[in-house]
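Take a look at the structure below.
Order of the sequence lines fixes the chain letters, A, B, ..., with proteins taken first and strands second; residue numbering starts at 1 for each chain.
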Amino acid sequence: MYQNIDELVHAANQLAGLTLAELAERCGIMIPSSLRREKGWIGQLLEFALGASAGSKPQQDFPELGVELKTLPIANNGIPLESTFVCTAPLLHQQKITWETSSVHHKLSAVLWIPVFGDRQQDIASRMIGNPWLWHPTAEQEKIIRQDWEEIMELIALGKVESISARHGEALQLRPKAANGQSLTPAIGGEGTIIQTRPRGFYLRSSFTRELLHMQFYL
DNA sequence: CAGTGATCATAG
DNA sequence: CTATGATCACTG
C-alpha cells in the first residue's frame, strides 16, 4: 500500500479539511445518524479511507510501517472529548511482560493521530477532519506512561485488579473494556487465587492527548 | 459537568 | 471468549 511512512502521512494530509460527509461519500459508506450503536464508525471510516488492514488483528494498523492509526475527537473549543483506548490489559500470565515487550509500548511507539472536529451534539456528517500528525513519544512522555503502566501492572500481579480505579495513572489509566458488565475474564485474585472479573483496557487520558495537541499545534 | 465505569458493532 | 474501532451515560 504505502512504501514508507511519508506516503501514509501525505495521504492522511489530503483528508484534512474534508467533512465526514464528504469522506463517507468518497468511500461509498452511509453515515449513521448517531454513533450510539456504532461507536467505532469514525475510526473505521478513516481506516478504510487510508487503506489500513481491516479486521481485528492484534497488531498495528500499518504493520509494515509500524504505525498505529487513531482518530481523536475534538470539541470545537479545541479540547479532546474522549480518552483514547490503547489496548486490553493482560490480567493473567503477565509476569513475563516488561515495558519493552508490552502492547502499550508497542502500540504507542508511533501513532498517526487524526483529529476530528465536532461537538457531541453536532451531527456526524458536518464534523471535519483536521490536520493529522505522526507522534513518537518524547523521552519525558514515555517515562510518564511507563510509570503508570508499571504501577498498574504491579497491582494486577499482586491480585489487586479490582482495587484499581480509573483514577490511577497520570496519563495512562485502566478502565473496563467489554461488551457489557456481564463479561468476565480470569485474573489474579487475593493470595494467588484466580478470580473472574470484568476485562480491562488501557486508555490515554484526554488531559494527555490535550497536551499532545498543544505541543503539535501551538508550540 | 468532568470523569469514571458501562456499553455498542463486528470479526474470528 | 478475544480482538478491532471507540463513545455513551450515570454519578459525585
Atom pairs and distances, donor-acceptor, side-chain atoms in residues 107-119 of chain A, under 3.5 Å, two or more places apart:
| unit_1 | atom_1 | unit_2 | atom_2 | d |
| --- | --- | --- | --- | --- |
| A:Ser109 | OG | A:His106 | O | 2.9 |
| A:Asp119 | OD1 | A:Asn76 | N | 3.0 |
| A:Asp119 | OD2 | A:Asn76 | ND2 | 3.0 |

Contacts table for residues 152-166 of chain A: side-chain donor-acceptor under 3.5 angstrom, sequence neighbours left out:
| unit_1 | atom_1 | unit_2 | atom_2 | d |
| --- | --- | --- | --- | --- |
| A:Glu162 | OE2 | A:Thr197 | OG1 | 3.0 |
| A:Ser163 | OG | A:Lys160 | O | 2.8 |
| A:Ser165 | OG | A:Arg167 | N | 3.0 |
| A:Ser165 | OG | A:Arg167 | NH1 | 3.3 |

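For the contact set between residues 183-190 of chain A and DNA chain C, defined by any heavy atom under 4.0 Å, the members are A:Ser183, A:Leu184, A:Thr185.
As rounded to whole Å, 18 Å separates atom P of C:dT4 from atom CG of A:Leu46. The separation between A:Phe48 atom CZ and B:dA9 atom P is 22 Å, rounded to whole Å. Here B:dA9 presents its P atom at 19 Å from CG of A:Leu45, a figure rounded to the nearest Å. Taking atom CE of residue A:Met30 and atom P of nucleotide B:dA9, one finds them 18 Å apart after rounding to whole Å. Residue A:Phe202 contributes atom CZ, which lies 15 Å from atom P of C:dT2 at whole-angstrom precision.
Counting only N and O atoms by type, the side chains of A:Thr101 and A:Thr98 include a donor and acceptor under 3.5 Å apart.
Every pair passing salt bridge (Lys or Arg N to Asp or Glu O under 4.0 Å) that includes a residue from residues 60-89 of chain A is listed here, sequence neighbours excluded: A:Glu68-A:Lys70, A:Glu82-A:Arg120. Within the structure, every pair that satisfies the salt bridge (Lys or Arg N to Asp or Glu O under 4.0 Å) test and touches residues 136-150 of chain A, not counting sequence neighbours, is listed here: A:Glu100-A:Arg146, A:Arg146-A:Glu150. Applying the salt bridge (Lys or Arg N to Asp or Glu O under 4.0 Å) definition to pairs two or more places apart or across chains, none involves residues 172-196 of chain A. Listed by first and then second residue, the side chain to side chain donor-acceptor pair (under 3.5 Å) pairs that reach into residues 7-18 of chain A are A:His10-A:Gln14, sequence neighbours excluded.
Under the ring-ring contact (aromatic ring centres under 6.0 Å, His included) criterion, A:Tyr2 pairs with A:Phe62, sequence neighbours left out.
Side-chain nitrogen and oxygen atoms of A:Thr88 include at least one within less than 4.0 Å of the OP1 or OP2 phosphate oxygen of C:dA3.
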Any chance you could list the contact pattern along nucleotides 5-12 of chain C? Use B for base contacts, S for sugar-phosphate-only contacts and - for none, protein heavy atoms under 4.0 Å, 5' to 3'. BBBBS---
